[in-house]
There are 2 protein chains.
Amino acid sequence: MNKDFEPYYAVIFTSTHDENIEGYSEMANKMEALAKQQDGYLGIDSARNDVGITVSYWKNIEAIKNWKQQSDHLKAQQKGRAEWYSWYNVKICKVEREYEFQTSSSSDF
Amino acid sequence: MNKDFEPYYAVIFTSTHDENIEGYSEMANKMEALAKQQDGYLGIDSARNDVGITVSYWKNIEAIKNWKQQSDHLKAQQKGRAEWYSWYNVKICKVEREYEFQTSSSSDF
């Protein structure tokens, strides 16, 4: 374990959609672009099959609170609850350890 | 915020696949079934598009360590690195807060 590892935060957002999700993709893209401009934003991972999982990464809790209260994001959250999501769950997590694997290329390309 | 909230742990596993993933689905299903039998297992969320995200939930760090060292799971991890994954990242996280939204049905069905 790297002793220099500095903890940061992850927001795990899991959700299921209503049948009609008109306008959802555009809003999701807009919100992702907006999140990237926030202080303390570190990154995002996203995938959706039956359930959608979006994990966003933040420098600290303060950055998460600021993003949650960002005015355009507040409107998007409201629209999401009214129109797109049948269910969602939000988990605020402290990332305490991290490790990674990368294939070493065996070709000469 | 619920003052009775008891922190638990999440393992965020993000990955990208090699082109040939023969046998991967069977192994993933087998490992999910096996994880459910582990002490301290709480649940799992999984989705894959360009990137795969699997988040498993555990009662404490001890449960995560035990699962990481489980013998069949060790073999699966080795096979995953050798054959299926071009990259993966593992984040061990403490879930500190959580909240949920559920649509209230407006129909009489």
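Proteins get letters first, then strands, A, B, ... in listed order; numbering begins at 1 in each.
At a heavy-atom separation below 4.5 angstrom, chain B is approached by Asp45(A) within residues 30-45 of chain A. Proximity to chain A at a heavy-atom threshold of 4.5 Å picks out Asn49(B), Val51(B), Ile53(B), Val55(B), Tyr57(B), Ile61(B), Lys65(B), Lys68(B) from residues 49-68 of chain B, in numerical order.
Looking at Thr14(A), only its side chain comes within 4.5 Å of chain B, counting heavy atoms on both sides. At a 4.5 Å heavy-atom cutoff, Thr16(B) makes no contact with chain A through either its backbone or its side chain. For Tyr8(A), the part lying under 4.5 angstrom from a heavy atom of chain B is the side chain only.
Atom-to-atom distance recorded for Arg97(A):CZ and Lys94(B):NZ is 12.0 Å, nearest 0.5 angstrom. A distance of 10.0 Å separates OH in Tyr88(A) from OG1 in Thr103(B), rounded to the nearest 0.5 Å.
The minimum heavy-atom distance between Phe101(B) and Tyr85(A), with the atom names listed, is CE2-O, 3.5 Å.
When each of Ser15(A), Pro7(A), Ala10(A), Ser46(A) is scored by its heavy-atom pairs under 4.5 Å with chain B, the top score falls to Ser46(A).
Enclosure of atom CD in Glu100(A) by more than 12 non-hydrogen atoms of other residues, nucleotides or ligands within 6.0 angstrom is indicated.
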